[in-house]
Asks: 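Okay, here's the structure, questions in a sec.
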Amino acid sequence: MDTKYQFSQHESRLYTFWEKKGVFRATLSGKEPFCIVFPPPNANADLHLGHAMYVFEDIMIRYKKLAGKEAFWVAGADHAGIETQYVFEKHLKKQGKSRYDYPREELFTMIWDFVMQNRETMENQLRKLGFALDWEKKKFTMDPDIVTIVYKTFKHMFDKGLVYRANRLVNYCTSCGTSFSDLEVVAKDIQGKLYHIAFPLVDGGTITVATTRPETFFGDVAIMVHPKDKRYTQYVGKKAHIPLTDREIPIIADAYVDMKFGTGAVKVTPNHDFNDFEIAKKHKLQYNSIIGFDGKMQNTHVVDGLRVKKAREVVLQKLEEKGLLVKVEDHDMTVRTCYRCGTVLEPLPKKQWFVSIKPLASKAIALVETGKIKIHPSRFKKQLISILDNFIDWNISRQIVWGIRIPAYRCVNKSHKGNENWFASVEKPNKCAICGTCAFEQDEDTFDTWFSSSQWPFATLQTISDTENDYFSAFYPTTVMETGYDILRAWVARMIMVGYFETETIPFQHVYLHGMVRDAKGQKMSKSKGNVINPLDIIEQFGADALRGALVFGTKEGGDVVLSQDKIRAMRNFANKIWNIGRFIQMNDDKRAPMQHPKQTQDILADLQDEFTALEKQYHRDHKAYRVGKPFDMLYEFIWHRFADYYIETLKEEMRVGNAETCSAMRRVYLGCLKMLHPYLPFVTEAVWQEYHGKETSILQERFMC
RNA sequence: GAGCCUGUAGCUCAGUUGGCUAGAGCGUUUCGUUGACAUCGAAAAGGUCACUGGUUCAAGUCCAGUCAGGCUCACCA
């Protein structure tokens with residue numbers, strides 16, 4: 001054995017060996033199943049530390065394999081709709097092109113090829129982490145059989161009235177060219193302004209309205225005051241002119257208005273403000289949109305064709321000239337921005353598909369509350385319930401090409417009314433399902449990525465199965481869903497709702513959440529701060545085990561992980577220590593001389609055995625309780641500071657002369673430690689194991705003695 | 001505004017159901033070691049466990065409050 005553990009000489013060799021040997025392969029053995037569906041990474045980018053955190057899954061999977069269970073870690077990748085299209089459009093931009101330069105099919109094919117390339121890169125990067133994924137059964141969210149399942153789910157929902165089409169205000173990004181659900185909106189605090197604008201009354205005089213968005217008054221349908229506001233009682237029922245135009249709007253009263261804010265008089269712009277939309281509906285007031293999906297003004301006859309920001313400047317200037325701009329004050333406010341590109345989102349009215357959440361959420365809440373689905377750590381249980389409680393109807397339509405096209409078809413036969421001309425179909429229809437004519441067209445939109453993701457646990461297992469091999473029955477409900485706490489809302493909550501809807505059982509028994517990776521100072525990593533650590537660099541420099549160890553050592557379940565170079569180096573040293581302990585035992589083990597040893601030694605060996613047995617017990621107890629990180633800390637402490645620093649140092653002479661009893665006792669404890677350590681540091685443990693047992697053996701073929 | 005979390009050694013963090021002189025990594029000081037490992041070993045310094053009060057034979061650990069910081073959600077035009 002080398003004097004040092006040379007990780008670079010072992011890691012890729014061992015991974016290839018594992019794959020060839022099939023130790024990651026799950027079979028229908030009938031043994032007790034343990035299944036984790038891997039959160040499918042986006043197939044559009046390189047590995048980052050967020051992915052490395054899935055090491056907790058690898059630990060569970062490898063532990064269960066060693067515990068003799070049939071452990072199945074389902075590999076997959078996500079098409080990541082908007083994310084991917086956004087990345088791809090940036091590529092196009094570099095070539096001076098845009099998505100509008102290509103017909104739909106061509107653009108789709110281009111992105112498909114792009115994704116397939118990236119996907120392979122990503123998968124190879126995951127291999128570097130040592131993940132024991134069953135690659136032979138890997139799935140992709142746009143595999144045809146997965147798509148069919150997504151279609152079926154949509155149809156079921158459609159048939160049960162759980163998806164509906166509605167004209168609503170949606171969060172629309174005029175830069176990305178698509179709408180989003182409320183979860184993809186990022187609120188940003190800004191220093192804005194509150195403009196006081198005088199609206200001329202038809203009967204003479206003016207009424208002053210306070211607004212943060214002066215440019216939108218072209219779309220107003222009313223001015224609204226509080227019914228009890230004495231300042232304005234006389235105006236209610238009268239009419240005012242929209243400035244710069246001759247359009248007249250009524251002055252109405254509604255208790256929604258806060259008398260203390262601004263001037264107590266509010267303009268109502270239904271097509272461009274969520275609250276106003278509701279109010280206008282209540283008062284049955286309507287007007288055209290004055291902002292288009294391209295982010296430009298329309299229907300104003302004053303600033304048409306201008307972008308919103310420019311339009312505001314022009315409008316303010318014109319108001320100023322007419323003496324209608326009464327006052328401008330600073331005003332702290334929050335704007336909704338696109339999580340993807342940061343553009344301020346426009347609320348715009350659009351016909352979209354929505355999922356009715358209430359019926360789904362109430363079932364999901366029951367599953368969590370009754371403990372059918374257990375949450376680790378438990379503090380996230382409350383959070384999950386409150387998330388489900390407050391879930392609003394889910395907009396699943398996206399106006400992008402890269403995604404699963406919504407299998408909704410509209411009959412163009414004019415005899416159908418309203419929404420009754422829509423039908424859903426899993427197979428591509430050749431005639432209208434409503435009236436039997438051939439005149440229909442498919443919705444242009446694609447699904448929100450999370451719509452397919454929410455079906456991932458059952459969609460993967462169902463499509464992996466065939467008539468002879470029923471992995472679905474064997475492994476569903478899956479055992480654990482492990483992911484970052486940041487996607488509890490976007491993913492976990494939805495998987496429970498949709499999973500239960502479609503399979504009438506829970507998608508997983510346990511939810512295990514891990515934290516976010518932070519830098520040495522506890523700060524979030526971000527490109528702008530320049531503190532991003534690339535996991536591939538670390539693996540290159542210190543080895544995968546060092547990275548894995550650093551992510552697990554000294555962290556508690558669900559807590560954020562502080563990653564520093566020091567910690568990584570310390571873990572590299574630990575791997576080396578393990579190697580060298582093995583080396584020392586190995587080199588003396590050969591001598592094996594039966595001989596008497598002093599009573600003192602026997603006592604020490606007995607102590608060692610006691611300590612080791614206690615450690616083993618605690619180790620398995622922690623794993624049972626989903627305390628996945630802690631056993632590693634204990635092993636570190638035991639192996640280094642007890643086993644090496646104390647026991648080996650004390651018994652060193654006897655080992656050197658090759659006392660058989662001592663040597664075999666040390667060897668036994670050491671190998672036991674390797675097994676327990678293997679889920680955490682798979683490479684170094686396997687490398688040593690092979691030094692002892694031969695290059696064709698794997699520690700994963702061993703079993704715990706418990 | 002609502003909810004959640006955190007506050008332990010110079011720094012970053014562990015500390016399961018309350019129980020022996022409070023731990024780790026890195027850093028600091030001293031010493032050692034050239035046949036397991038310098039990616040090493042021995043030893044040391046360093047903490048009123050944010051503060052206050054309470055429960056208890058016993059509290060870093062439970063309860064209440066205060067202060068400080070963080071995260072998430074919802075927000076008045």
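Just so it is clear, the structure is predicted and the values come from calculations on it, not from any experiment. Numbers restart at 1 for each chain; the letters A, B, ... are given by sequence-line order, proteins then strands.
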Asks: Would A:Met676 and A:Leu615 count as a side chain to side chain contact (heavy atoms under 4.5 Å, CB included) here? Give the steps.
Replies: CA-CA 10 Å; A:Met676 287 195 279; A:Leu615 177 75; 3.8 Å; yes

Asks: Assuming nearest nucleotide by heavy-atom distance, tell me which of A:Leu183 and A:Val562 is located more 5' along RNA chain B.
Replies: A:Val562

Asks: What's the closest nucleotide to the A:Asn573 side chain, out of B:G25, B:A77, B:U39?
Replies: B:U39

Asks: Within this structure, what is the CD-to-P distance between A:Gln618 and B:U17, rounded to whole angstrom?
Replies: 12 Å

Asks: Contacts to RNA chain B from residues 184-200 of chain A, heavy-atom cutoff under 4.0 Å, which residues?
Replies: A:Asp189

Asks: Measure from the side chain of A:Trp640, starting at C-beta and using heavy atoms only, and say which of B:C40, B:C26, B:A36 lies closest.
Replies: B:C40

Asks: Parallel, tilted or perpendicular: which one describes the rings of A:His10 and A:Tyr5, with boundaries at 30° and 60°?
Replies: parallel

Asks: With no hydrogens and no angle check, is any side-chain donor or acceptor of A:Arg667 less than 3.5 Å from a backbone partner on A:Thr662?
Replies: no

Asks: Using atom CZ of A:Phe643 as one end and atom C1' of B:C40 as the other, report the distance to the nearest whole Å.
Replies: 17 Å

Asks: Could you check whether A:Arg213 pairs with A:Glu215 (Lys NZ or Arg NE/NH1/NH2 to Asp/Glu carboxylate O, under 4.0 Å)?
Replies: yes

Asks: Below 3.5 Å, does any donor atom in the side chain of A:Glu637 face an acceptor in the base of B:A14, or the other way round?
Replies: no

Asks: Name the nucleic acid region contacted by A:Gly554, choosing base, sugar-phosphate or nothing; use a 4.0 angstrom heavy-atom cut-off, strictly under.
Replies: sugar-phosphate

Asks: Going by atom type alone, with no hydrogens or angles, which donor-acceptor pairs under 3.5 Å involve a side-chain atom of residues 185-200 of chain A and a protein atom two or more places apart or on another chain?
Replies:
{"from": "A:Asp189", "atom 1": "OD1", "to": "A:Thr334", "atom 2": "OG1", "distance (Å)": "3.1"}
{"from": "A:Lys193", "atom 1": "NZ", "to": "A:Asp330", "atom 2": "OD1", "distance (Å)": "3.2"}
{"from": "A:His196", "atom 1": "NE2", "to": "A:Glu329", "atom 2": "OE2", "distance (Å)": "2.7"}

Asks: Sorted by first residue and then second, give each salt bridge (charged side-chain N to carboxylate O under 4.0 Å, His left out) pair with at least one member in residues 251-262 of chain A; sequence neighbours left out.
Replies: A:Asp254-A:Lys282

Asks: Would you mind reading off the distance between A:His331 atom NE2 and B:C76 atom P, rounded to a whole angstrom?
Replies: 9 Å

Asks: Taking CG from A:Asp332 and P from B:A77, how many angstroms apart are they, rounded to a whole number?
Replies: 10 Å

Asks: According to the Watson-Crick and G-U wobble definitions, with both distances under 3.5 Å, which nucleotide is paired to B:A50?
Replies: B:U66

Asks: Touch check for A:Tyr5, heavy atoms < 4.0 angstrom, all strands: base, sugar-phosphate only, or nothing?
Replies: nothing

Asks: Which whole-number value in Å describes the distance from A:Asn576 CG to B:C37 C1'?
Replies: 6 Å

Asks: Strictly by Watson-Crick or wobble contacts shorter than 3.5 Å, is anything paired with B:U56, and which nucleotide is it?
Replies: none

Asks: If the cut-off is 4.0 Å, is A:Arg518 near the phosphate of B:C13, judged by side-chain N/O to OP1 or OP2?
Replies: no

Asks: What is the distance, to the nearest angstrom, from the CZ atom on A:Phe584 to the C1' atom on B:G41?
Replies: 13 Å

Asks: In whole Å, I'd like the distance from the CG atom of A:Asp258 to the C1' atom of B:A77.
Replies: 9 Å

Asks: Is the gap between the ring centers of A:His514 and A:Tyr485 under 6.0 Å?
Replies: no

Asks: Can you say whether a donor on the side chain of A:Thr3 sits under 3.5 Å from an acceptor on the base of B:C37, or the other way round?
Replies: no

Asks: Measure up the A:Tyr670 and A:Tyr692 rings against each other and bin them: parallel (under 30°), tilted (30 to 60°), perpendicular (over 60°).
Replies: tilted

Asks: Tell me, which pairs form a salt bridge (charged side-chain N to carboxylate O under 4.0 Å, His left out) where one or both residues lie in residues 375-384 of chain A, sequence neighbours left out?
Replies: none

Asks: Assess whether one donor atom and one acceptor atom, taken from the side chain of A:Arg569 and the base of B:U39, lie less than 3.5 Å apart.
Replies: no

Asks: May I ask you to decide whether A:Asp566 forms a salt bridge with A:Arg569, counting only side-chain N to carboxylate O separations under 4.0 Å?
Replies: yes

Asks: Using purine N1 to pyrimidine N3 plus N6-O4 or O6-N4 for Watson-Crick, or N1-O2 and O6-N3 for G-U wobble, each under 3.5 Å, what pairs with B:C71?
Replies: B:G3

Asks: Expressed as a whole number of angstroms, how long is the span from A:Arg336:CZ to B:C73:P?
Replies: 11 Å

Asks: What does nucleotides 1-6 of chain B look like as a protein-contact string, B for base, S for sugar-phosphate only, - for none, at under 4.0 angstrom between heavy atoms?
Replies: ---SSS

Asks: Mind checking if A:Phe553 touches a base, just sugar-phosphate, or nothing, with heavy atoms under 4.0 Å?
Replies: sugar-phosphate

Asks: Can a side chain N or O of A:Lys577 be found less than 4.0 Å away from OP1 or OP2 on B:G25?
Replies: no

Asks: Please work out if A:Arg489 contacts a base, only the sugar-phosphate, or nothing of the nucleic acid, heavy-atom cut-off 4.0 Å.
Replies: sugar-phosphate

Asks: With rounding to whole Å, what would you report as the distance between B:C57 and B:U16 at their P atoms?
Replies: 23 Å

Asks: Of all the choices, B:A24, B:A36, B:C76, which nucleotide is nearest to the side chain of A:His641 once you look at every atom?
Replies: B:A24

Asks: If each of A:Gln6 and A:Arg583 is mapped to the nucleotide of RNA chain B with the nearest heavy atom, which maps nearer the 5' terminus, i.e. the 5' end?
Replies: A:Arg583

Asks: Name the pairing partner of B:U12, where a pair is Watson-Crick or G-U wobble with both distances under 3.5 Å, or state none.
Replies: B:A24

Asks: Look at the side-chain N and O atoms of A:Asn390 and state whether any lies under 4.0 Å from the OP1 or OP2 oxygen of B:C73.
Replies: no

Asks: Which one, B:U39, B:C37, B:U16, comes nearest to the side chain of A:Lys630?
Replies: B:U16

Asks: Kindly state each residue pair satisfying salt bridge (charged side-chain N to carboxylate O under 4.0 Å, His left out) with at least one member in residues 635-650 of chain A, sequence neighbours excluded.
Replies: A:Glu611-A:Arg642, A:Glu649-A:Lys652

